[in-house]
Amino acid sequence: MPIDARIAKDPAGSERRGQPRAAVEIDAHVREMGTTGTEARVLNISPEGFMAETTTEHEVGARIWLILPGRERASAIVRWTAAGKLGAQFAEPLSEDALAQIGG
């Protein structure tokens with residue numbers, strides 16, 4: 001069953017995120033704790049979180065790992081899902097150096 005989701009904006013029209021996200025296209029792996037996970041494509045990323053396309057459904061609030069090629073895995077919490085995409089917040093923000101290595 002698909003989940004209908006909207007991202008609210010404040011009245012001034014600016015985003016609710018603390019930091020802007022960089023548009024990227026990175027093949028990655030997303031998995032919930034205790035599962036083998038699935039392939040995903042990260043579409044944007046910031047020190048605070050990311051959005052990815054995936055064929056696996058995840059519950060809002062689920063703890064997941066984002067595993068990027070050649071990088072350490074990063075723990076995150078799913079904040080929203082809609083139409084084959086998910087948005088997640090990193091448990092600990094990524095450093096600017098780590099983002100530069102990713103390409104964000």
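Predicted model only: the values in this text are computed from it and were never measured.
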What's the shortest heavy-atom distance between [X] and [Y], and which atoms?
X	Y	result
Met51	Arg21	N-NH1, 3.5 Å
Ser75	Met33	OG-CE, 4.3 Å
Pro69	Ala28	CD-CA, 4.5 Å

key: Sequence neighbours excluded - ring pair (Phe, Tyr, Trp, His ring centres under 6.0 Å) pairs with any residue from residues 28-56   = Phe50-Phe90
inquiry  = Would you say Val24 ends up clustered with Leu99 if hydrophobic residues are merged whenever their side chains have heavy atoms under 4.5 Å apart, either directly or through other cluster members?
reply    = yes
ask   = Shared ILVMFWY cluster between Val42 and Val78, side chains joined below 4.5 angstrom?
value = yes
ask   = Can you name the residues that form a side chain to side chain contact (heavy atoms under 4.5 Å, CB included) with Arg41, not counting sequence neighbours?
value = Glu25, Asp27, Leu43, Glu53
inquiry  = Among residues at least two apart in sequence or on other chains, which ones pass side chain to side chain contact (heavy atoms under 4.5 Å, CB included) with Thr55?
reply    = Thr38
Check whether any side-chain heavy atom of [X] sits under 4.5 Å from a side-chain heavy atom of [Y], and report yes or no.
X	Y	answer
Val30	His58	yes
Thr81	Glu57	no
Leu94	Ile45	yes

remark   = In this structure, CH2 of Trp80 is separated from CD of Gln89 (nearest 0.5 Å) by 13.5 Å
request  = Any pair with a residue in residues 74-83 that passes salt bridge (charged side-chain N to carboxylate O under 4.0 Å, His left out), sequence neighbours left out, goes on the list, sorted by first then second residue, please.
outcome  = none
task = Go through Leu86 and Ile64 one step at a time and tell me if the side chain to side chain contact (heavy atoms under 4.5 Å, CB included) criterion holds.
result = CA-CA 11 Å; Leu86 65 84; Ile64 60 172; 4.2 Å; yes
